[in-house]
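Have a look at the structure below before the remarks.
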Amino acid sequence: MTTAPPPATQSEPLWAPGQDRVARAQVTRFHAWAAERHGAPAPVPGDPAVSYAALHRWSVERVEDFWQALTEWCDVRFSSPYEQVLADPAMPGARWFPGARLNYAEHALRAAEDPARADGPALLHVDESCEPRPVSWAELRARVGSLAAELRRLGVRPGDRVSAYVPNVPQAVVALLATAAVGGVWTSCAPDFGARSVLDRFQQVEPVVLFTVDGYHYGGKRHERTATVAELRAGLPTVRAVVHIPLLGTPAPEGALEWDALTSADVEPVFEQVPFDHPLWVLYSSGTTGLPKAIVQSQGGILVEHLKQLALHCDLGPDDRFFWYTSTGWMMWNFLVSGLLVGSTVVLYDGSPGYPDTAAQWRIAERTGATLYGTSAAYVMACRKAGVRPGRDFDLSRVKCVATTGSPLPPDGFRWIHDEVAEDMWIASVSGGTDVCSCFAGAVPTLPVHIGELQAPCLGTDLQAWDAHGGPVVDEVGELIVAGPMPSMPIHFWNDPDGSRYRDSYFDMFPGVWRHGDWITLTSRGSVVIHGRSDSTLNRQGVRMGSADIYEAVERLPEIRESLVIGVEQPDGGYWMPLFVHLAPGATLDDDLLDRIKRTIREQLSPRHVPDEVIEVTGIPHTLTGKRIEVPVKRLLQGTPLEKAVNPGSVDNVGLLHFYEKLARERTN
């Protein structure tokens, strides 16, 4: 049995698009075109909700027709034709567009071929000074052409891995596209990762080239990385060439190549035509309990999936400026760069999300004229707590959508954006994963927004909620299931020759369908509610609860900066559910606050959700991409030694974990 607060039942949505906006949306025009050309059901005039539901149903029931239509609509350039759209729909192992050849980078640079756009900005680079610096389409294409030629001269061949230890700067985009142009396989980490974390990732894939920086600026401070780069070079014996990017102005270390020397030639790029399922990049799971999974996605799969997401769901095109706060160590950076596929200008911010103050990201959205601004749910809630008022303090008139991911956006986050940014604002809470480098559910420009809910499952994604018996449920909490293949699903994991690790990760519980590890509710009105990770489920007396619901309730209290709830099965058959709280400055965990925490949970959720203990901590541990660490903390509280419970290189502050290890010892003595 599962339980969770029911989805919002208000009849009126928080926001709904006007008729003009619905008519202009690319998904509206695609639907009419697909109905005429590919047998999609005809749109229902004046009823975008019914129309989208019908289009979505067609996209998963007639999956080959949908993806063929999508590639035609987006003008995908197949240098060799495909034999069929989907050769084998079984998961894992579905084969998409066999016979087709193409190149991701060629599509990303198509706008540069238009003389009217060549001098316009492909990239806008912003640092903590907040002064945008443009890189034109022509300049980006020339730099990619020059670097691709140099990579070939260095012996990089299709399938070779190219790694980068770089922040979110234009050089990272150039290096990714040049790698894709030659058919290499890209992989990156942000320079705030320590050497051990980077080596845990890069050593698995054995790169032949390493792009590095001498350091970066963050929070108003200069952070040197020369010593870390030396450790990486020593720990990566397969690297044949190191390319030095002098962001701090230091000379290249001995034996390294200079960035400017490799990118200064005006060379027309040559795009290696590779099979549809040729690897494009390697992304990494958080790896909190072992080496990170090295997730390999394909050139063609990412190309068509991102074209779908960016054009039809995000409604992005050549007139848009696409800004998402991210780093090169998070899949959202890869997704952001794909904004180039639809001709949008991509905004790259390299700096702290909260410097010089909490409103920093809104200031960047204003300065860059962003039309779609993406951030984390945690940042939105931090702005709410800090009393930030973006709509009053900044000109955000060009922003048509505020999108969030990383964790579910709580209802108060929806209300805050509506009240403090703009009442006529499309709020797109989206959910997906590194595993597919895309979204399962989220943005639909033609649908209303209800508080606390994602608008709908994405096209081509057969999203379902399943109960423990493997049956689909509606208006009940279930496991997030994708019942049909998506093109961006991993083609494999690196160093997983028999595919066993891949199968165990997603197909072990329900063979033949993708189980993602989230609790969700599919509502009868077609929206989606995310309740948190199912692998860290709270289970009281057979009643399962999502941790995200507790965080949402508790963190409304101004005294609570952040929280962590864990359900621990005891050796004697008992169950212990503590709530750890990181307090705001000046707050005290006294009897009054304890009472308000418990009363808030009891009234907003249920008596079953009330924790057994509330314990103050100095901070909440996260993965390097900012997600709360629940499963390793649970293992520590069950007595697992730290070195076995967690990979220290995957945690933002390992020191915080010693508290839970000590607490476990005290409880057993």
Item to check | Partners passing side-chain hydrogen bond (donor to acceptor under 3.5 Å, both in side chains) against Tyr373 (at least two apart in sequence or in another chain) | outcome: Gln361

Checklist entry - Between Ser338 and Tyr104, is any side-chain donor less than 3.5 angstrom from a side-chain acceptor? => result yes

Checklist entry - Taking the inter-plane angle between the rings of Trp259 and Phe211 on a 0 to 90° scale, is it parallel (under 30°), tilted (30 to 60°) or perpendicular (over 60°)? => result perpendicular

Checklist entry - Among Phe66, Trp33, Phe30, Trp73, which one satisfies ring-ring contact (aromatic ring centres under 6.0 Å, His included) with His38? => result Trp33

Item to check | side-chain contact (heavy atoms from CB on, under 4.5 Å) partners for Thr187, two or more places apart | outcome: Ser163, Phe202, Val205, Val282, Tyr284

Checklist entry - Using the ring of each side chain (for Trp, its six-membered ring), is Phe335 parallel, tilted or perpendicular to Trp324, with breaks at 30° and 60°? => result perpendicular

Checklist entry - Are there more than 12 heavy atoms of other residues, nucleotides or ligands under 6.0 Å from atom CD of Glu113? => result yes

Checklist entry - Quick one: are the ring centres of Phe394 and Trp362 less than 6.0 Å apart? => result no

Next on the checklist: Counting only heavy atoms from other residues, nucleotides and ligands, does the tally under 6.0 Å from CG of Asp266 exceed 12?
Outcome noted: no

Pair up each side-chain donor or acceptor in residues 270-277 with any protein partner under 3.5 Å, not counting sequence neighbours, and list the distances.
residue : atom : partner : partner atom : Å
Gln273  : OE1  : Ser79   : OG           : 2.8
Gln273  : NE2  : Glu106  : OE1          : 3.1
Gln273  : NE2  : Phe271  : O            : 3.1

Next on the checklist: Using a 3.5 Å distance criterion without hydrogens, assess whether the side chain of Thr371 forms a donor-acceptor pair with backbone atoms of Asp320.
Outcome noted: no

Next on the checklist: I'd like to know whether the aromatic ring centres of Tyr355 and Tyr218 sit less than 6.0 Å apart in this structure.
Outcome noted: no

Next on the checklist: Set out, in order, the CA-CA distance, both residues' side-chain angles and the distance that settles side chain to side chain contact (heavy atoms under 4.5 Å, CB included) for Trp67 and Phe97, then state yes or no.
Outcome noted: CA-CA 10 Å; Trp67 286 107; Phe97 294 94; 4.1 Å; yes

Next on the checklist: Within this structure, what is the CH2-CG distance for the pair Trp333 and Leu283, rounded to the nearest 0.5 Å?
Outcome noted: 10.5 Å

Checklist outcome for this item: Taking every heavy atom of Ser344 against every heavy atom of Trp137, the minimum-distance pair comes out as O-CZ2, 3.7 Å

Checklist entry - Any donor and acceptor pair, going by atom type alone, linking the side chain of Thr212 with main-chain N or O of His244 inside 3.5 Å? => result no

